[in-house]
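Source: prediction; values computed, not measured.
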Amino acid sequence: MADLKINIPKFADGDWMPVEHSGRGKDISPEIRLSGIDDKAASIAITLDDASHPFIPNYNHWVIWNLPVSGMIPEGVPKGETVEALGGAKQGIAYGRHRYKGPKPPFKAIHSYVFTVYTLDSPIEISSNSTKRDFLAAAQGHILQKAVYTGKFQSRQ
């Protein structure tokens with residue numbers, strides 16, 4: 001099985017995230033490109049976590065599942081419980097309720113953010129009011145691949 005690889009064209013892995021993908025800018029999700037997707041993949045899921053949150057480790061900003069298998073998730077995933085434009089993908093409850101919610105660390109702190117992409121052998125049938133924890137519990141035994149991509153962000157205010 002090939003390794004799943006992530007590329008976000010707007011910033012290199014481990015580099016600074018553009019303001020447009022933050023809560024200080026347009027707060028839109030970045031385009032995510034994937035390669036090495038397992039032939040058995042039936043759906044894709046993505047989470048975004050703040051790995052530097054001082055009080056809640058890996059504070060979840062975004063959880064979306066049941067994305068169609070594709071080498072590219074477009075920039076600016078629309079908000080909503082169900083994203084019809086992406087095959088009926090579901091967005092759950094995180095810092096962004098049913099939407100992408102980008103970095104917005106306080107006090108000029110530098111935070112690290114982790115995008116995790118999962119390929120799964122089936123769609124996951126849970127409520128759109130589910131959290132990342134709910135998604136991971138339901139996905140147990142269905143995850144074929146997992147890859148991470150990191151970015152950092154510092155608020156200038």
Between [X] and [Y], which heavy-atom pair has the shortest distance, and what is it?
X: Ser43; Y: Ser122; answer: OG-O, 3.0 Å
X: Val114; Y: Thr150; answer: CG2-CG2, 3.7 Å
X: Leu86; Y: Pro68; answer: O-CD, 3.1 Å
X: Lys146; Y: Tyr118; answer: CD-CE2, 3.8 Å
X: Phe153; Y: Val19; answer: CE1-CA, 4.0 Å
X: Ser112; Y: Ser52; answer: N-OG, 2.9 Å

Side-chain touch [X]/[Y], heavy atoms, less than 4.5 angstrom:
X: Thr131; Y: Asn60; result: no
X: Lys26; Y: Glu75; result: no
X: Pro103; Y: His111; result: no
X: Ile6; Y: Leu34; result: yes
X: Ile64; Y: Lys90; result: no
X: Asn66; Y: Glu125; result: yes
X: Trp62; Y: Val77; result: yes
X: Glu31; Y: Met72; result: yes

Can you tell me how far [atom2] of [Y] sits from [atom1] of [X], rounded to the nearest 0.5 angstrom?
X: His61; Y: Leu48; atom1: NE2; atom2: CG; answer: 6.5 Å
X: Tyr113; Y: Asp49; atom1: OH; atom2: CG; answer: 11.0 Å
X: Ile28; Y: Lys79; atom1: CD1; atom2: NZ; answer: 13.0 Å
X: Arg33; Y: Asn7; atom1: CZ; atom2: CG; answer: 6.5 Å
X: Trp65; Y: Ile126; atom1: CH2; atom2: CD1; answer: 4.0 Å
X: Leu120; Y: Ile44; atom1: CG; atom2: CD1; answer: 9.0 Å

Do [X] and [Y] belong together in a cluster built from hydrophobic side chains that touch within less than 4.5 Å?
X: Ile143; Y: Phe135; result: yes
X: Ile32; Y: Ile37; result: yes
X: Leu4; Y: Ile73; result: yes
X: Val117; Y: Ile124; result: no

Q. Within the distance-only criterion (no hydrogens, no angle test), does the side chain of His98 pair as donor or acceptor with the backbone N or O of Gln91 below 3.5 angstrom?
A.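 Side chain of His98 to backbone of Gln91, a donor-acceptor pair under 3.5 Å: yes, one is there.
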
(Q) Side chains of Ser22 and Asp27: any donor to acceptor distance under 3.5 Å? (A) no

Q.
Go through it in stages, so that I can follow the logic: the residues are Tyr95 and Tyr59, the test is ring pair (Phe, Tyr, Trp, His ring centres under 6.0 Å), and I'd like the CA-CA distance, side-chain angles, deciding distance and then a yes or no.
A. CA-CA 8 Å; Tyr95 176 53; Tyr59 183 66; 5.8 Å; yes

Q) Which class fits the ring pair Phe115 and Phe11: parallel under 30°, tilted 30 to 60°, perpendicular over 60°? A) tilted

